[in-house]
Protein chains: 2
Amino acid sequence: MGGSMADLIEAYLKELLRDNPHGIIEIRRRELADQFRCVPSQINYVLETRFPFEKGYLVESRRGGGGYIRIMRLQWRTERDLFAEIAELISDAISAQRAEELLIRLVEARILEEREAIMLRGLVEQSITSIEPEMQDRLRATLLRNLLIVTLRR
Amino acid sequence: MGGSMADLIEAYLKELLRDNPHGIIEIRRRELADQFRCVPSQINYVLETRFPFEKGYLVESRRGGGGYIRIMRLQWRTERDLFAEIAELISDAISAQRAEELLIRLVEARILEEREAIMLRGLVEQSITSIEPEMQDRLRATLLRNLLIVTLRR
DNA sequence: CTGACTTTGACCTTTCCTGACCTTAATTAA
DNA sequence: TTAATTAAGGTCAGGAAAGGTCAAAGTCAG
């Protein structure tokens, strides 16, 4: 928490996020960079290091004229490090059994509805059946992670 | 929505389409261009990027005096049409963009719920990114097909 | 001094906007 | 009835306007 440029930009963006009732903001990379007198790629650095999924944020963007960067704060943070924990549990591969356990936990924690969990399980297992077995755990992890990202968003 | 001119024109046309019970509208290119203070070819750009067949639109036009541009939103008439077209659109490989377009279309056609679409969209947009690039389009096709089968069977 | 974090800049990709030039259809003049 | 004119819309390439990536250089606590 020094006075580094990255810290300043981070603080500024988080203030904007707090001020926005939906926890969603849109910025122009170039503008923000000018505002802080830094190079545009510095903004990317801040986004990567301060607003990653594990910390409860989603970032999407569009290039070209009228481009933008949209930062969303994920809600449902009943547990402070919920997202970090999910990310850690899933990592880059996860067995069917561990995935099942995770889903049960999420339901018990009332983070997922029962039928949402059922749907997620069905989607994931169905999707990976035709994939080579060696790939399945990795694909399951990717699928589950992304499903959870989008499900827990907003 | 960046508020680029293309976005504005797109929104305007889609509103017209929604207001029209048959999902068919006719415009004058020159007129529309004047209305938005842009060059006429900008209209073509919007039509190509926002209303292509893959996204469920048909555009036809006529030159010369009394010329026009007609935009139609396509609808699936039967379930058979739906699955046939899904199968065709997906085939054994599908790009991220095509997949996204298909999902948007399914939502617009009210075949998928918004919540379901969000979940599936998360998959097709992001899940594949950690897989080797050469495999992505094929894997995406497999995934999407299975996901849709599971989801649409209810 | 070293390793982690930060900052910068060169180069890349995507998306958008414009203008010059082309094609087609309807209308009018000969 | 033709031929010329006028009134549409179509194409394409180039430039501009974003944002993305990556690696090298800088900084700083320990």
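First the proteins, then the strands, lettered A, B, ... as listed; each starts at 1. Model, not experiment: these values are computed from the prediction.
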When the distance from CD1 of A/I27 to P of D/dA18 is rounded to whole Å, what number comes out? 13 Å
Spacing between A/E48 atom CD and D/dG19 atom C1', to the nearest angstrom: 12 Å
Between C1' of D/dG10 and CZ of B/R30, the distance in whole Å: 14 Å
Please name all residues satisfying side-chain hydrogen bond (donor to acceptor under 3.5 Å, both in side chains) with B/E31, sequence neighbours left out, ordered by chain then number. none
Under 3.5 Å, is there a donor-acceptor pair between the A/R29 and A/N44 side chains? yes
Once rounded to the nearest 0.5 Å, what's the spacing between atom CZ of B/R28 and atom OH of B/Y68? 10.5 Å
What is the distance from CZ of B/R70 to P of D/dG10, rounded to the nearest Å? 13 Å
Distances under 3.5 Å between protein N/O atoms and the N/O atoms of nucleotides 16-18 of chain C, please, pair by pair.
from	atom 1	to	atom 2	distance (Å)
C/dC16	OP1	A/R62	NH2	2.2
C/dC16	OP1	B/R50	NH2	3.0
C/dC16	OP2	B/Y45	OH	2.6
C/dC16	OP2	B/R50	NH1	3.1
C/dC16	O5'	B/Y45	OH	3.2
C/dC17	OP1	B/M5	N	2.9
C/dC17	OP2	B/A6	N	3.0
C/dC17	OP2	B/Q42	NE2	2.4
C/dC17	O5'	B/Q42	NE2	3.3

Euclidean distance, atom CZ of residue B/R29 to atom C1' of C/dT24 [Å, nearest integer]: 12 Å
Once you apply a heavy-atom cut-off of 4.0 Å, does B/I43 come out as touching a base, just sugar-phosphate, or nothing? nothing
Using atom CG of A/N44 as one end and atom C1' of C/dT13 as the other, report the distance to the nearest whole Å. 13 Å
Do you know the tightest heavy-atom contact between A/R62 and B/S4? NH2-OG, 4.3 Å
Can you sort out the partners of B/E15 under side-chain hydrogen bond (donor to acceptor under 3.5 Å, both in side chains), two or more places apart, ordered by chain and number? none
Tell me the salt bridge (Lys or Arg N to Asp or Glu O under 4.0 Å) pairs involving residues 36-50 of chain B, sequence neighbours left out? B/D7-B/R50, B/E10-B/R50
Would you say the side chain of B/L17 lies within less than 4.5 Å of the side chain of B/F51, judging by non-hydrogen atoms? yes
Ring-face cation of B/K14 near B/Y57 (centre distance under 6.0 Å, axis angle within 45°): no
Sugar-phosphate atoms are those with a prime plus P, OP1 and OP2; base atoms are the rest. Using that split, label each nucleotide of nucleotides 24-30 of chain D B, S or - for protein heavy atoms under 4.0 Å, 5' to 3'. -------
Report the residues that fulfil side-chain hydrogen bond (donor to acceptor under 3.5 Å, both in side chains) with B/R70, sequence neighbours left out, ordered by chain and then residue number. B/E26, B/E60
Between CD of A/E60 and C1' of D/dG20 the distance, given in whole Å, is 15 Å
Any N or O donor-acceptor pair under 3.5 Å from the base of D/dG9 to the side chain of B/R28? no
